[in-house]
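Contents: one structure, followed by commentary.
Order of the sequence lines fixes the chain letters, A, B, ..., with proteins taken first and strands second; residue numbering starts at 1 for each chain.
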Protein chains: 2
Amino acid sequence: MDKIDRKIVNILQTNARASLKDLSKECFISSPAIAARISKLERSGIIKGYQADINLEKINFHVKAFIQVQLEPRQKKEFYPYIQNIPNVIECNCVTGDFSEVMEVVFPSTTDLDDFINDIQQRFGKTSTQIVFSTSVDHRGVQLSDPQE
Amino acid sequence: MDKIDRKIVNILQTNARASLKDLSKECFISSPAIAARISKLERSGIIKGYQADINLEKINFHVKAFIQVQLEPRQKKEFYPYIQNIPNVIECNCVTGDFSEVMEVVFPSTTDLDDFINDIQQRFGKTSTQIVFSTSVDHRGVQLSDPQE
DNA sequence: TTAATTACCTCATTTCATTAGATGCAAAAT
DNA sequence: ATTTTGCATCTAATGAAATGAGGTAATTAA
(Lines give C-alpha, C1' and ligand atoms only; values in the text may rest on other atoms or scores of the structure.)
Protein backbone atom coordinates (compact mmCIF):
# COMPACT_ATOMS: atom_id res chain seq x y z
CA MET A 1 0.00 0.00 0.00
CA ASP A 2 1.83 3.06 -1.23
CA LYS A 3 0.64 6.51 -2.13
CA ILE A 4 -0.68 5.39 -5.53
CA ASP A 5 -2.65 2.48 -4.06
CA ARG A 6 -4.24 4.83 -1.55
CA LYS A 7 -5.20 7.18 -4.35
CA ILE A 8 -6.75 4.34 -6.34
CA VAL A 9 -8.69 3.16 -3.30
CA ASN A 10 -9.89 6.68 -2.56
CA ILE A 11 -11.11 7.21 -6.10
CA LEU A 12 -12.82 3.82 -6.31
CA GLN A 13 -14.55 4.46 -3.00
CA THR A 14 -16.26 7.51 -4.44
CA ASN A 15 -16.63 6.25 -8.01
CA ALA A 16 -16.30 2.51 -8.38
CA ARG A 17 -17.06 2.70 -12.09
CA ALA A 18 -14.11 4.95 -12.86
CA SER A 19 -12.28 3.68 -15.94
CA LEU A 20 -8.67 2.53 -15.90
CA LYS A 21 -7.90 5.46 -18.12
CA ASP A 22 -9.41 7.96 -15.67
CA LEU A 23 -7.44 6.38 -12.85
CA SER A 24 -4.24 6.40 -14.90
CA LYS A 25 -4.61 10.13 -15.50
CA GLU A 26 -5.19 10.83 -11.82
CA CYS A 27 -2.28 8.68 -10.68
CA PHE A 28 0.21 9.51 -13.44
CA ILE A 29 0.94 5.89 -14.35
CA SER A 30 -0.17 3.85 -17.38
CA SER A 31 -3.46 2.00 -17.47
CA PRO A 32 -1.87 -1.47 -17.51
CA ALA A 33 -0.11 -0.45 -14.29
CA ILE A 34 -3.45 0.61 -12.80
CA ALA A 35 -5.05 -2.67 -13.86
CA ALA A 36 -2.23 -4.63 -12.21
CA ARG A 37 -2.57 -2.67 -8.99
CA ILE A 38 -6.33 -3.07 -8.85
CA SER A 39 -6.21 -6.81 -9.35
CA LYS A 40 -3.53 -7.01 -6.68
CA LEU A 41 -5.72 -5.00 -4.29
CA GLU A 42 -8.58 -7.36 -5.10
CA ARG A 43 -6.52 -10.52 -4.68
CA SER A 44 -5.12 -9.35 -1.37
CA GLY A 45 -8.64 -8.72 -0.10
CA ILE A 46 -8.18 -4.99 0.45
CA ILE A 47 -10.86 -4.33 -2.13
CA LYS A 48 -13.73 -6.66 -1.26
CA GLY A 49 -16.10 -5.62 -4.03
CA TYR A 50 -18.00 -2.82 -5.66
CA GLN A 51 -21.56 -1.83 -4.97
CA ALA A 52 -24.01 0.59 -6.47
CA ASP A 53 -25.59 3.01 -4.04
CA ILE A 54 -29.36 3.02 -4.31
CA ASN A 55 -31.84 5.64 -3.13
CA LEU A 56 -34.06 3.46 -0.96
CA GLU A 57 -36.93 5.93 -0.89
CA LYS A 58 -37.19 5.76 -4.65
CA ILE A 59 -37.58 2.00 -4.64
CA ASN A 60 -40.24 2.22 -1.94
CA PHE A 61 -38.27 1.33 1.13
CA HIS A 62 -39.47 4.21 3.27
CA VAL A 63 -38.48 2.99 6.71
CA LYS A 64 -34.95 2.50 7.96
CA ALA A 65 -34.24 1.39 11.53
CA PHE A 66 -31.70 0.00 13.93
CA ILE A 67 -32.84 -3.07 15.80
CA GLN A 68 -30.88 -4.25 18.81
CA VAL A 69 -31.32 -7.85 19.89
CA GLN A 70 -30.52 -9.64 23.13
CA LEU A 71 -29.07 -13.03 22.27
CA GLU A 72 -28.01 -15.98 24.33
CA PRO A 73 -24.54 -17.03 23.16
CA ARG A 74 -25.81 -20.35 21.85
CA GLN A 75 -28.52 -18.65 19.75
CA LYS A 76 -25.95 -17.14 17.44
CA LYS A 77 -25.59 -20.30 15.41
CA GLU A 78 -29.25 -19.97 14.51
CA PHE A 79 -29.34 -16.19 14.32
CA TYR A 80 -26.60 -15.57 11.77
CA PRO A 81 -27.83 -17.75 8.91
CA TYR A 82 -31.34 -16.48 9.57
CA ILE A 83 -30.59 -12.78 9.21
CA GLN A 84 -28.12 -13.30 6.37
CA ASN A 85 -31.00 -14.57 4.30
CA ILE A 86 -33.27 -11.63 4.98
CA PRO A 87 -32.66 -9.02 2.29
CA ASN A 88 -34.08 -6.25 4.48
CA VAL A 89 -31.11 -6.60 6.84
CA ILE A 90 -28.47 -4.42 5.24
CA GLU A 91 -25.93 -4.70 8.06
CA CYS A 92 -25.52 -6.65 11.28
CA ASN A 93 -22.87 -6.38 13.96
CA CYS A 94 -22.12 -8.10 17.23
CA VAL A 95 -21.41 -5.41 19.79
CA THR A 96 -20.62 -4.67 23.44
CA GLY A 97 -23.44 -3.78 25.83
CA ASP A 98 -26.81 -5.10 26.94
CA PHE A 99 -27.89 -5.93 23.42
CA SER A 100 -25.47 -8.17 21.64
CA GLU A 101 -26.53 -7.53 18.04
CA VAL A 102 -27.21 -4.30 16.18
CA MET A 103 -28.97 -4.65 12.85
CA GLU A 104 -29.63 -2.00 10.28
CA VAL A 105 -32.81 -2.77 8.36
CA VAL A 106 -35.00 -1.26 5.67
CA PHE A 107 -38.68 -1.88 4.96
CA PRO A 108 -41.39 -0.45 2.74
CA SER A 109 -43.52 0.56 5.74
CA THR A 110 -43.63 0.56 9.53
CA THR A 111 -46.09 -2.32 9.31
CA ASP A 112 -43.50 -4.47 7.58
CA LEU A 113 -40.93 -3.44 10.16
CA ASP A 114 -43.31 -4.38 12.95
CA ASP A 115 -43.91 -7.81 11.43
CA PHE A 116 -40.19 -8.41 11.27
CA ILE A 117 -39.61 -7.30 14.86
CA ASN A 118 -42.34 -9.62 16.07
CA ASP A 119 -40.73 -12.46 14.21
CA ILE A 120 -37.33 -11.68 15.75
CA GLN A 121 -38.79 -11.48 19.25
CA GLN A 122 -40.54 -14.79 18.86
CA ARG A 123 -37.46 -16.52 17.53
CA PHE A 124 -34.71 -14.97 19.64
CA GLY A 125 -35.70 -12.60 22.45
CA LYS A 126 -35.87 -9.01 23.57
CA THR A 127 -35.30 -6.19 21.10
CA SER A 128 -34.99 -2.43 21.10
CA THR A 129 -35.69 -0.41 17.98
CA GLN A 130 -34.71 3.03 16.82
CA ILE A 131 -36.40 4.35 13.68
CA VAL A 132 -34.37 6.61 11.42
CA PHE A 133 -35.77 10.10 10.77
CA SER A 134 -33.00 11.31 8.50
CA THR A 135 -29.50 10.45 7.37
CA SER A 136 -26.86 13.15 7.51
CA VAL A 137 -23.99 10.88 6.50
CA ASP A 138 -24.90 8.13 4.09
CA HIS A 139 -22.80 4.99 4.29
CA ARG A 140 -19.42 5.89 2.86
CA GLY A 141 -15.83 4.70 2.78
CA VAL A 142 -12.89 6.05 4.74
CA GLN A 143 -10.81 8.40 2.65
CA LEU A 144 -7.15 7.52 3.13
CA SER A 145 -4.69 10.33 3.64
CA ASP A 146 -0.96 10.20 3.22
CA PRO A 147 1.06 9.84 6.42
CA GLN A 148 2.84 13.16 6.11
CA GLU A 149 -0.24 15.15 5.28
CA MET B 1 -38.80 0.50 -12.85
CA ASP B 2 -39.61 -2.70 -14.65
CA LYS B 3 -38.20 -6.21 -14.33
CA ILE B 4 -35.08 -5.35 -16.35
CA ASP B 5 -34.32 -2.24 -14.30
CA ARG B 6 -34.57 -4.28 -11.13
CA LYS B 7 -32.19 -6.85 -12.56
CA ILE B 8 -29.69 -4.14 -13.51
CA VAL B 9 -29.91 -2.61 -10.04
CA ASN B 10 -29.48 -6.01 -8.40
CA ILE B 11 -26.39 -6.80 -10.44
CA LEU B 12 -24.81 -3.39 -9.92
CA GLN B 13 -25.42 -3.65 -6.19
CA THR B 14 -23.26 -6.76 -6.04
CA ASN B 15 -20.81 -5.82 -8.79
CA ALA B 16 -20.76 -2.15 -9.61
CA ARG B 17 -17.93 -2.64 -12.10
CA ALA B 18 -19.89 -5.06 -14.28
CA SER B 19 -19.48 -4.13 -17.94
CA LEU B 20 -22.38 -3.16 -20.17
CA LYS B 21 -21.74 -6.31 -22.10
CA ASP B 22 -22.05 -8.49 -19.00
CA LEU B 23 -25.29 -6.74 -18.10
CA SER B 24 -26.63 -7.09 -21.62
CA LYS B 25 -26.06 -10.85 -21.51
CA GLU B 26 -27.81 -11.18 -18.16
CA CYS B 27 -30.78 -9.06 -19.19
CA PHE B 28 -31.17 -10.24 -22.79
CA ILE B 29 -31.14 -6.77 -24.31
CA SER B 30 -28.42 -4.97 -26.26
CA SER B 31 -25.69 -2.97 -24.58
CA PRO B 32 -26.89 0.41 -25.90
CA ALA B 33 -30.23 -0.38 -24.25
CA ILE B 34 -28.43 -1.16 -20.99
CA ALA B 35 -26.45 2.08 -21.20
CA ALA B 36 -29.65 4.05 -21.76
CA ARG B 37 -31.32 2.41 -18.77
CA ILE B 38 -28.37 2.98 -16.48
CA SER B 39 -28.08 6.65 -17.31
CA LYS B 40 -31.81 7.00 -16.78
CA LEU B 41 -31.52 5.32 -13.38
CA GLU B 42 -28.68 7.70 -12.55
CA ARG B 43 -30.50 10.81 -13.75
CA SER B 44 -33.62 9.91 -11.82
CA GLY B 45 -31.56 9.52 -8.65
CA ILE B 46 -32.35 5.85 -8.12
CA ILE B 47 -28.67 5.05 -8.52
CA LYS B 48 -26.82 7.54 -6.34
CA GLY B 49 -23.29 6.33 -7.03
CA TYR B 50 -20.88 3.44 -6.95
CA GLN B 51 -18.45 2.63 -4.19
CA ALA B 52 -15.66 0.17 -3.68
CA ASP B 53 -15.93 -1.96 -0.58
CA ILE B 54 -12.75 -1.89 1.45
CA ASN B 55 -11.55 -4.31 4.11
CA LEU B 56 -11.00 -1.88 6.96
CA GLU B 57 -8.81 -4.26 8.95
CA LYS B 58 -6.35 -4.43 6.09
CA ILE B 59 -5.93 -0.68 5.98
CA ASN B 60 -5.41 -0.58 9.74
CA PHE B 61 -8.80 0.55 10.95
CA HIS B 62 -9.20 -2.10 13.61
CA VAL B 63 -12.01 -0.61 15.67
CA LYS B 64 -15.58 -0.10 14.51
CA ALA B 65 -18.23 1.31 16.83
CA PHE B 66 -21.66 2.85 17.12
CA ILE B 67 -21.77 6.12 19.01
CA GLN B 68 -25.09 7.50 20.13
CA VAL B 69 -25.28 11.20 20.94
CA GLN B 70 -27.82 13.25 22.89
CA LEU B 71 -28.35 16.51 21.04
CA GLU B 72 -30.38 19.59 21.78
CA PRO B 73 -32.43 20.40 18.67
CA ARG B 74 -30.51 23.64 18.07
CA GLN B 75 -27.16 21.84 18.18
CA LYS B 76 -27.87 20.04 14.94
CA LYS B 77 -26.87 23.00 12.82
CA GLU B 78 -23.39 22.71 14.30
CA PHE B 79 -23.31 18.93 14.55
CA TYR B 80 -24.00 17.98 10.92
CA PRO B 81 -21.24 19.93 9.17
CA TYR B 82 -18.86 18.84 11.93
CA ILE B 83 -19.35 15.09 11.52
CA GLN B 84 -19.63 15.28 7.74
CA ASN B 85 -16.04 16.46 7.69
CA ILE B 86 -14.72 13.64 9.87
CA PRO B 87 -13.68 10.79 7.58
CA ASN B 88 -13.93 8.27 10.42
CA VAL B 89 -17.70 8.74 10.52
CA ILE B 90 -18.95 6.36 7.86
CA GLU B 91 -22.64 6.82 8.57
CA CYS B 92 -24.84 9.04 10.73
CA ASN B 93 -28.58 8.93 11.31
CA CYS B 94 -31.06 10.93 13.31
CA VAL B 95 -33.26 8.45 15.18
CA THR B 96 -36.09 8.04 17.67
CA GLY B 97 -35.29 7.45 21.33
CA ASP B 98 -33.20 8.97 24.11
CA PHE B 99 -30.21 9.50 21.89
CA SER B 100 -31.02 11.51 18.82
CA GLU B 101 -28.04 10.57 16.63
CA VAL B 102 -26.47 7.20 15.85
CA MET B 103 -23.07 7.29 14.19
CA GLU B 104 -21.08 4.44 12.77
CA VAL B 105 -17.37 5.14 13.08
CA VAL B 106 -14.05 3.44 12.36
CA PHE B 107 -10.66 4.10 13.95
CA PRO B 108 -7.20 2.56 13.91
CA SER B 109 -7.32 1.90 17.67
CA THR B 110 -9.48 2.25 20.76
CA THR B 111 -7.30 5.16 21.79
CA ASP B 112 -8.28 7.06 18.67
CA LEU B 113 -11.92 6.20 19.29
CA ASP B 114 -11.63 7.45 22.85
CA ASP B 115 -10.13 10.75 21.69
CA PHE B 116 -13.01 11.22 19.30
CA ILE B 117 -15.65 10.43 21.92
CA ASN B 118 -14.11 12.94 24.30
CA ASP B 119 -14.21 15.55 21.59
CA ILE B 120 -17.88 14.82 20.86
CA GLN B 121 -18.79 14.96 24.55
CA GLN B 122 -17.07 18.29 24.98
CA ARG B 123 -18.71 19.79 21.92
CA PHE B 124 -22.19 18.35 22.12
CA GLY B 125 -23.17 16.28 25.15
CA LYS B 126 -23.82 12.82 26.47
CA THR B 127 -22.86 9.78 24.43
CA SER B 128 -23.23 6.02 24.57
CA THR B 129 -20.85 3.74 22.68
CA GLN B 130 -21.05 0.18 21.48
CA ILE B 131 -17.88 -1.36 20.11
CA VAL B 132 -18.22 -3.88 17.31
CA PHE B 133 -16.82 -7.37 17.92
CA SER B 134 -17.71 -8.86 14.59
CA THR B 135 -19.82 -8.22 11.51
CA SER B 136 -22.11 -10.98 10.30
CA VAL B 137 -23.74 -8.89 7.58
CA ASP B 138 -21.49 -6.35 5.96
CA HIS B 139 -23.19 -3.26 4.59
CA ARG B 140 -25.08 -4.39 1.50
CA GLY B 141 -27.86 -3.34 -0.82
CA VAL B 142 -31.43 -4.59 -0.87
CA GLN B 143 -31.92 -7.21 -3.54
CA LEU B 144 -35.11 -6.42 -5.41
CA SER B 145 -37.47 -9.25 -6.20
CA ASP B 146 -40.23 -9.33 -8.74
CA PRO B 147 -43.76 -8.72 -7.45
CA GLN B 148 -45.11 -12.13 -8.37
CA GLU B 149 -42.26 -14.01 -6.79
C1' DT C 1 28.32 -11.00 -10.39
C1' DT C 2 24.36 -13.28 -11.65
C1' DA C 3 19.77 -14.51 -11.27
C1' DA C 4 15.16 -13.60 -9.90
C1' DT C 5 11.60 -10.45 -8.86
C1' DT C 6 8.91 -6.55 -9.30
C1' DA C 7 6.84 -2.63 -11.22
C1' DC C 8 6.66 -0.17 -14.91
C1' DC C 9 6.61 1.41 -19.93
C1' DT C 10 5.19 1.34 -24.98
C1' DC C 11 2.94 -0.60 -28.72
C1' DA C 12 -0.25 -3.86 -30.97
C1' DT C 13 -4.40 -6.32 -30.57
C1' DT C 14 -8.78 -7.16 -29.07
C1' DT C 15 -12.62 -6.10 -26.69
C1' DC C 16 -15.89 -2.89 -25.24
C1' DA C 17 -18.66 1.46 -25.15
C1' DT C 18 -20.85 4.83 -27.79
C1' DT C 19 -23.00 6.91 -31.57
C1' DA C 20 -26.02 7.17 -35.52
C1' DG C 21 -29.69 5.68 -38.10
C1' DA C 22 -33.64 2.64 -38.69
C1' DT C 23 -37.56 -0.06 -36.86
C1' DG C 24 -41.55 -1.10 -34.17
C1' DC C 25 -44.96 -0.05 -31.00
C1' DA C 26 -48.23 2.35 -28.09
C1' DA C 27 -50.66 6.43 -26.89
C1' DA C 28 -52.51 10.77 -28.25
C1' DA C 29 -54.09 13.83 -31.79
C1' DT C 30 -56.20 14.82 -36.22
C1' DA D 1 -59.18 5.34 -39.37
C1' DT D 2 -55.03 7.63 -40.08
C1' DT D 3 -51.36 10.39 -38.63
C1' DT D 4 -48.23 12.03 -35.33
C1' DT D 5 -45.37 11.91 -31.33
C1' DG D 6 -42.57 9.70 -28.06
C1' DC D 7 -40.16 5.94 -26.49
C1' DA D 8 -37.45 1.86 -26.26
C1' DT D 9 -35.14 -1.03 -28.83
C1' DC D 10 -32.14 -3.00 -32.56
C1' DT D 11 -27.98 -3.31 -35.82
C1' DA D 12 -23.86 -1.57 -37.73
C1' DA D 13 -19.94 1.48 -37.64
C1' DT D 14 -16.81 4.25 -35.13
C1' DG D 15 -14.11 5.48 -31.43
C1' DA D 16 -12.27 4.49 -26.97
C1' DA D 17 -10.64 1.70 -23.64
C1' DA D 18 -8.79 -2.72 -21.70
C1' DT D 19 -5.62 -6.37 -22.36
C1' DG D 20 -1.51 -8.83 -23.77
C1' DA D 21 3.20 -9.05 -25.36
C1' DG D 22 7.69 -7.80 -25.32
C1' DG D 23 11.28 -5.06 -23.18
C1' DT D 24 13.66 -2.01 -19.51
C1' DA D 25 15.19 -0.47 -15.09
C1' DA D 26 15.61 -0.96 -10.16
C1' DT D 27 15.85 -4.16 -6.07
C1' DT D 28 16.78 -8.10 -3.69
C1' DA D 29 18.68 -12.82 -3.10
C1' DA D 30 21.83 -16.27 -4.21
> Taking for each residue the nucleotide of DNA chain C with the nearest heavy atom, is it R37(A) or R17(A) whose nucleotide lies nearer the 5' end?
Replying inline: R37(A)
> Taking atom types as modelled and ignoring hydrogens, do the side chains of D22(A) and S19(A) form a donor-acceptor contact shorter than 3.5 angstrom?
Replying inline: yes
> With a 4.0 Å cut-off on heavy atoms, is S30(B) in touch with a base, just the backbone sugar-phosphate, or nothing at all?
Replying inline: base
> Are side-chain N/O atoms of Q70(A) and E101(A) paired as donor and acceptor at under 3.5 Å?
Replying inline: no
> Which of these nucleotides, dA18(D), dT18(C), dA8(D), is closest to any side-chain atom of K40(B)?
Replying inline: dA8(D)
>> Measure CZ/F28(B) against C1'/dC10(D) and give the value in whole Å, please.
In response: 17 Å
> Where the side chain of I29(B) is defined as all heavy atoms beyond and including C-beta, which of dC10(D), dG20(D), dA17(D) is the nearest nucleotide?
Replying inline: dC10(D)
>> Looking only at the side chain of K21(A) (C-beta and beyond, no hydrogens), which of the listed nucleotides dT18(C), dA17(D), dC16(C) gets closest?
In response: dA17(D)
>> Does S31(B) reach a base, just sugar-phosphate, or nothing at all? Heavy atoms under 4.0 Å.
In response: base
>> Quick check for you: among dA17(C), dT19(D), dT11(D), whose closest atom lies nearest to any side-chain atom of L20(B)?
In response: dA17(C)
> With the threshold set at 4.0 Å, does a side-chain nitrogen-carboxylate oxygen contact exist between R6(A) and D2(A)?
Replying inline: no
>> Looking only at the side chain of P32(B) (C-beta and beyond, no hydrogens), which of the listed nucleotides dC16(C), dA17(D), dT18(C) gets closest?
In response: dT18(C)
>> From the set dG20(D), dT9(D), dC8(C), return the single nucleotide nearest to any side-chain atom of A33(A).
In response: dC8(C)
>> Quick one: does any side-chain atom of R17(B) pair with a main-chain N or O of A18(A) as donor and acceptor, under 3.5 Å?
In response: yes
